[in-house]
Amino acid sequence: MAGVGFRKWAQALTKSKGTGISALLSGCRAASGGSKGSLPGSYPTTPEEKAAAAKKYNIRVEDYEPYPDKGEGFGDYPKLPDRSQHERDPWYKWDHPDLRRNWGEPMHWDFDMYIRNRVDTSPSPVDWISMCKQLFGFIGFMLFMFYIGEKFPSYQPVAPKQYPYNNLYLEKGGDPEKQPEEVKNYGI
Amino acid sequence: MADYREAPLATRPRTLDPNDYFNLSPEKRRADEERAALRANLKRQYQTQLNNPHRKELIEDPALTRWVYARSNPYPHFRPTFKTSLLGFACGVFPLFALYYIFKTDRDRKEEQIKNGTWDRKFCLTS
């Protein structure tokens, strides 16, 4: 039983066309993961390739637009609009409600950037110009006021500290026999 | 609100989008219906698998598999062009030499100052 299995394995090994450890061990690809036709491939050049790629990604042929072929490593992956998941309808019954995505829907290349914890491209409540004016107005005003404060400081009036006992004559090491000069720090 | 200008890279609110009001045509309707048909097909597949009482395993999502595969295997489609090599150079080679130069000169200057005795330890707490 084991001998028969070993012989079959040796025969498969000699006939296998693949390279590498996987071919040595089994002589064929694993059945897990997508089949070769369902995984992303290289940039489509002919219209048939484009149609096949659109069908593979579950997009209409007219909607399918691959990334331009500039050698940046995208292959035939579709270029979907750069919209965040924040913008999707919160009330529709998505298959995955936290991701706001249906099963089998083509994912954006930067999907993990556009999830609801991260980048948000939804429209701002106030328009861009108002936002700029408010932010830079506030920052500018605060910088200006701090600058004025530096130029014209304002604080409680202070004087050097005054010490008793003739400016602490004995404590500062003065001679106990000698009579120090009288220091008057006040006036009544 | 007529002169609303959206933030760069953000979208316009749907109520201010002119396409919603002006560019409606039967072709757009047909396109929307085709997209809805694709979406309904995928929904049907998912619901069939989800509600199958004999299913014991996870439902595998081929779109997710494709996305992961595409993101982790860009090299077969990589081609050294002017832009990609420039980017590679700017991110991989230039910081190496630039940081070496910056750190070396800064440390040499500090060493010089310490040797001369002109090193000003501003926030030193131990002396």
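Here is how names work: the chains are called A, B, and so on, in the same order as the sequence lines, proteins then strands, and each is numbered from 1. All values reported here derive from a predicted model rather than from experimental measurement.
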Point-to-point distance, once rounded to the nearest 0.5 Å, from CG of Asn73(B) to CG of Leu39(A): 8.5 Å
Is it the case that atom OH in Tyr69(B) sees more than 12 heavy atoms from other parts of the structure closer than 6.0 Å? no
Determine whether Met107(A) and Leu42(B) fall in the same hydrophobic cluster, where Ile, Leu, Val, Met, Phe, Trp and Tyr are linked whenever their side-chain heavy atoms lie under 4.5 Å apart. no
Would a single hydrophobic cluster contain both Trp94(A) and Leu99(A), if residues Ile, Leu, Val, Met, Phe, Trp and Tyr are joined by side-chain heavy-atom contacts under 4.5 Å? no
So, are Asp76(A) and Arg66(B) salt-bridged, with charged N and O less than 4.0 Å apart? no
Determine whether Pro8(B) and Trp128(A) make a side-chain contact, defined as any pair of heavy atoms from C-beta on separated by less than 4.5 Å. yes
Answer yes or no: does atom CG of Leu9(B) have more than 12 heavy-atom neighbours from other residues, nucleotides or ligands under 6.0 Å? no
Side chain, backbone, both or neither: which part of Arg39(B) has a heavy atom under 4.5 Å from chain A? side chain
How many angstroms lie between CH2 in Trp67(B) and CG in Asp112(A), if you round to the nearest 0.5 Å? 4.0 Å
Does Phe82(B), at its CZ atom, have more than 12 non-hydrogen atoms belonging to other residues, nucleotides or ligands within less than 6.0 Å? no
Atom CG in Leu50(B), atom CG in Asp95(A): separation rounded to 0.5 Å? 8.0 Å
If you draw a 6.0 Å radius around CZ in Arg118(A), do more than 12 non-hydrogen atoms from other residues or ligands fall strictly inside? no
For the residue pair Glu72(A) / Thr84(B), report whether a side-chain donor-acceptor contact shorter than 3.5 Å exists. no
Determine, step by step, whether Thr81(B) and Lys70(A) satisfy the side chain to side chain contact (heavy atoms under 4.5 Å, CB included) criterion, reporting the C-alpha distance in whole Å, the side-chain angles of both residues, the deciding distance to 0.1 Å, and the verdict. CA-CA 7 Å; Thr81(B) 67; Lys70(A) 290 202 197 131; 5.6 Å; no
Heavy-atom pairs under 4.5 Å with chain A are the metric here; pick the option from Arg71(B), Gln47(B), Glu34(B), Lys83(B) that has the most. Arg71(B)
Calculate, to the nearest 0.5 Å, the distance between atoms OG and CZ belonging to Ser130(A) and Arg5(B) respectively. 11.0 Å
Parallel, tilted or perpendicular: which describes the rings of Trp103(A) and Tyr46(B), with under 30° parallel and over 60° perpendicular? parallel
Evaluate whether atom CG of Leu86(B) has more than 12 neighbouring non-hydrogen atoms of other residues, nucleotides or ligands under 6.0 angstrom away. yes
Side chain, backbone, both or neither of Asp120(A) within contact of chain B (heavy atoms, under 4.5 Å): neither
Approximate separation, where rounding is to 0.5 Å, of His77(B) NE2 and Tyr67(A) OH: 13.5 Å
Measuring heavy-atom distances to chain A, does Ala37(B) have an atom under 4.5 Å in its side chain, in its backbone, in both, or in neither? neither
Working note: Asp127(A) + Glu6(B), criterion side chain to side chain contact (heavy atoms under 4.5 Å, CB included); need CA distance, chi angles, decisive distance, verdict. CA-CA 6 Å; Asp127(A) 69 324; Glu6(B) 63 269 27; over 6 Å; no
Hey, any chance Met131(A) and Phe136(A) share a hydrophobic cluster, counting ILVMFWY side chains that come within less than 4.5 Å of each other, even indirectly? no
Of all heavy-atom pairs between Pro40(A) and Ala70(B), which one has the smallest distance, and what is that distance? CG-CB, 3.7 Å
What are the residues of residues 54-66 of chain A, in order of number, with any heavy atom under 4.5 angstrom from a heavy atom of chain B? Lys56(A), Tyr57(A), Asn58(A), Ile59(A), Arg60(A), Glu62(A), Asp63(A)
Quick check for you: to the nearest 0.5 Å, what is the distance between Leu38(B) atom CG and Glu105(A) atom CD? 11.0 Å
Let's go through Ser124(A) and Tyr4(B) carefully: what are the C-alpha distance in whole Å and the side-chain angles of both, what is the deciding distance for side chain to side chain contact (heavy atoms under 4.5 Å, CB included) to 0.1 Å, and is it a yes or a no? CA-CA 10 Å; Ser124(A) 50; Tyr4(B) 177 98; 3.3 Å; yes
Cut-off 4.5 Å, heavy atoms of chain B, and the answer for His86(A) is neither
Measure Leu87(B) against the heavy atoms of chain A and call it side chain, backbone, both or neither at under 4.5 Å. neither
Each residue besides Trp119(B) in its hydrophobic cluster should be listed here, by chain and number; the cluster joins Ile, Leu, Val, Met, Phe, Trp and Tyr at side-chain heavy-atom distances under 4.5 Å. Ile114(B)
What about Phe97(B) and Phe89(B), same hydrophobic cluster or not, with Ile/Leu/Val/Met/Phe/Trp/Tyr joined at side-chain heavy-atom distances under 4.5 Å? yes
Membership question, hydrophobic clusters at under 4.5 Å side-chain separation (ILVMFWY): are Tyr75(B) and Tyr77(A) in the same one? no
Quick check: are there more than 12 heavy atoms from other residues, nucleotides or ligands sitting under 6.0 Å from OH of Tyr21(B)? yes
Pick from Pro76(B), Pro62(B), Ala31(B) with the largest number of heavy-atom pairs that fall under 4.5 Å of chain A: Ala31(B)
